[in-house]
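Just so we're on the same page: letters track the sequence lines, and every chain starts at 1.
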Number of protein chains: 2
Amino acid sequence: MSPDIPREALQLRSTVKAEGTVEVALVRVPIPRPRMDEVVVRIGACPINPSDLRILFAGADLSRARAGEVGELPSVSAPIAPEPLRLAAARVGQAMPVGNEGAGVVLAAGSGAQAQALLGKVVGVTGGEMYSEYRCAKVTQCEPLPPGTSPSQGAAWFVNPVTALCMVETMRREGHRALVHTAAASNLGQMLVRLCLAEGVPLVNVVRRPEQAVLLSGLGATHVCDSSQPGFRERLEEAIGETGATLAFDAVGGGPLASDILVAMEAAAARSQPGYRRYGTTVHKQVYLYGSLDPGPTVLHRAWGLAWGIGGWLVTNFLERLRVEDSARLRARAVAELTTTFASHFSGELSLTEMLRPEEIAVYARRATGAKYLVRPNRSPG
Amino acid sequence: MSPDIPREALQLRSTVKAEGTVEVALVRVPIPRPRMDEVVVRIGACPINPSDLRILFAGADLSRARAGEVGELPSVSAPIAPEPLRLAAARVGQAMPVGNEGAGVVLAAGSGAQAQALLGKVVGVTGGEMYSEYRCAKVTQCEPLPPGTSPSQGAAWFVNPVTALCMVETMRREGHRALVHTAAASNLGQMLVRLCLAEGVPLVNVVRRPEQAVLLSGLGATHVCDSSQPGFRERLEEAIGETGATLAFDAVGGGPLASDILVAMEAAAARSQPGYRRYGTTVHKQVYLYGSLDPGPTVLHRAWGLAWGIGGWLVTNFLERLRVEDSARLRARAVAELTTTFASHFSGELSLTEMLRPEEIAVYARRATGAKYLVRPNRSPG
């Protein structure tokens, strides 16, 4: 293997303990020699996505996080309440690696032609275990980034960009012609605004604060509905009527928002199918819940007839149903537009050691819209 | 036209008034001369289904029903509270005919061969407006009943039998192999028990009272879970695990029942996909709400990963998506097994005039499971 690669390197692991705590710790792991279709990537940067935070902290009470040490390496622990502990039962005792995506330089490659072709290149990587100094990955988990793209620019190449692309793909495959998106000021939401503008897809953005509405309008968003404002439901119905949106992607999950969206969609549909219909219109209205910013129950008032659906939506499940060439096309587009359509904005950077400091956790784990952090696994602790 | 057919006949009409009442009245309507592809049926019997009650009374407070008269014919009125009145806004002022299905003798037929072929036969009819002495119907709305079948035996030929058949059809088309059914002691539920036994489809029946469990076990049902009993959720999970059911048809709608079913399905699926999965299993779990016995909100706790869906389900919308020969096959089977698989039980019979009496309404509009009434439009008032 390349002389630049050590035999062991640091990696972050998260362990839920039966007594009701989560312990996140640095561990030393051996770096495997890459097999024929594998490469070893020195990870330059990874984002901290909400999905990573769930694995990292398992719903623990982070206001009570305490720094510690495991085997002379830094760690942090926090208590988990009974309900999140119950949901994490199947992972108790497992030291789970974390980090869904990242980017870095390929320092070693297996003997296969595809692996060799990546040597020395900056690649995006997906497949978990990215909060590591080095990651041995299959060629199929890597996507070469355009020349000149830095690992920081490429770190968030997969989760948000491919999700945005798959939302539009879902819309087309299921026969809808416009979209509603909630929590629309997120990094993902901003990408979706740009993507829908480029694709000519009408998009209704639902946000929760006036400054978020301003942000999206600044990106060129036409329809922005702020749920904190009076008349929100009327504006939503108007925007849905104007766009003809019959599909929504909702990141909020809990509460009445999905219900509000379906009511607005049915009201818009009823204008195209006038008169009394005992079972509502025959226009199919669909909401996919892809996040859970509000972990409370989803409350459905069912005042929208019988042509409707709600369901979970997960980008990886969707990708698995695509043909290989279709998912390859989406991934290639994601990296091709990393500095334009799919540019991410980060509020700060952390080393692996800094990720374990309670005062940093208090900031980066807040999941505030627009405040996203970058991990630099090979940066020395600040 | 046949000398047996009068120029006018009685029909029931329901009108929601803007001031907040519903008025159900007998009216005299002309009987049209049948066109080429039409027949005139003397309606012998029709069931009163929950869907008919919704149109008849529009959610009015029937404890305050008052008998009256419109144009020397009997009527009944009852007040409607603001919320159901709002839902009925699009039908205010329309005198709506009622009655989804029925059966009777064809007394006149248009010149077309298919119409002529029905002359003198007992047919099942669908398409609304059945609470009428005579109904002019298209040939495609009629299904000849097997020789010897009476209108009373054939009255409920469509709504419940075809719904049961379409539930099994939906299961097969969407790749499931077993079913959960709630409110399972209903007439429809009993048909579904017999149909699933005949088809070898494993069925989990959810009922709300011990005597309903006894009834279904008596029909040969293997899995019956009584939600009024302690340990209901455990029994449900066990039954779902044994059957492998990943599709449910829920007639209750409101409350946590759909949530309970999805939790049980995910628990069963997790046994086949062991280990921690951050987004739950990849087994798709589906609940269709086809009724609304509990009109309150559906409450979803979302503790079942991301591979799931809930949606409205309506037999007529489903039939419209079938090929003509497939829906013809289902209808033919429904009438072929009217006295076996799809036999209905009725608690009593009413004339059109009796349907307007407050003391009868108090009984037949209760929607108690197992208490279903038959209308005999041509019977003289009792």
Side chains of [X] and [Y] in contact at under 4.5 Å (non-hydrogen atoms):
| X | Y | result |
| --- | --- | --- |
| A/V375 | A/P47 | no |
| B/L247 | B/V180 | no |
| B/L12 | B/L56 | yes |
| B/V315 | B/V162 | yes |

Between chain A and chain B, identify every pair of one donor and one acceptor N or O atom lying under 3.5 Å apart.
| from | atom 1 | to | atom 2 | distance (Å) |
| --- | --- | --- | --- | --- |
| A/N100 | OD1 | B/R278 | NH1 | 3.0 |
| A/R278 | NH1 | B/N100 | OD1 | 3.0 |
| A/S292 | OG | B/R302 | NH2 | 2.7 |
| A/D294 | O | B/R302 | NH2 | 2.9 |
| A/G296 | O | B/R302 | NH1 | 2.7 |
| A/G296 | O | B/R302 | NH2 | 3.4 |
| A/T298 | N | B/L300 | O | 2.8 |
| A/T298 | O | B/L300 | N | 2.9 |
| A/T298 | OG1 | B/R302 | NH1 | 2.8 |
| A/L300 | N | B/T298 | O | 2.9 |
| A/L300 | O | B/T298 | N | 2.8 |
| A/R302 | NH1 | B/G296 | O | 2.6 |
| A/R302 | NH1 | B/T298 | OG1 | 2.8 |
| A/R302 | NH2 | B/S292 | OG | 2.7 |
| A/R302 | NH2 | B/D294 | O | 2.9 |
| A/R302 | NH2 | B/G296 | O | 3.3 |
| A/W308 | O | B/G312 | N | 3.0 |
| A/I310 | N | B/I310 | O | 2.6 |
| A/I310 | O | B/I310 | N | 2.6 |
| A/G312 | N | B/W308 | O | 3.0 |

inquiry  = Is B/I310 close to chain A through its backbone or its side chain, or both, or neither, when contacts mean heavy atoms under 4.5 Å?
reply    = both

ask   = How long is the span from the CG atom in A/L330 to the CG atom in A/L322, to the nearest 0.5 Å?
value =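 Between A/L330 CG and A/L322 CG, I get 6.5 Å after rounding to 0.5 Å.
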
Pairwise distance CZ(A/F249) to CD1(A/I261) - rounded to 0.5 angstrom =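 A/F249 atom CZ to A/I261 atom CD1 measures 11.5 Å (nearest 0.5 Å).
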
key: Residue among B/A89, B/G311, B/G275 with most heavy-atom pairs under 4.5 Å to chain A   =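 Looking at each of B/A89, B/G311, B/G275 in turn, B/G311 comes out on top.
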
Option that, when pairs with chain A are counted at under 4.5 Å, heavy atom only, ranks first among B/G280, B/A307, B/G296, B/A88 =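 Answer, by heavy-atom pair count under 4.5 Å with chain A: B/G296.
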
task = Can you see which heavy atom on B/A164 is nearest to which on B/L192, and at what distance?
result =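 Heavy-atom minimum between the residues: O-CD1, 3.8 Å.
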
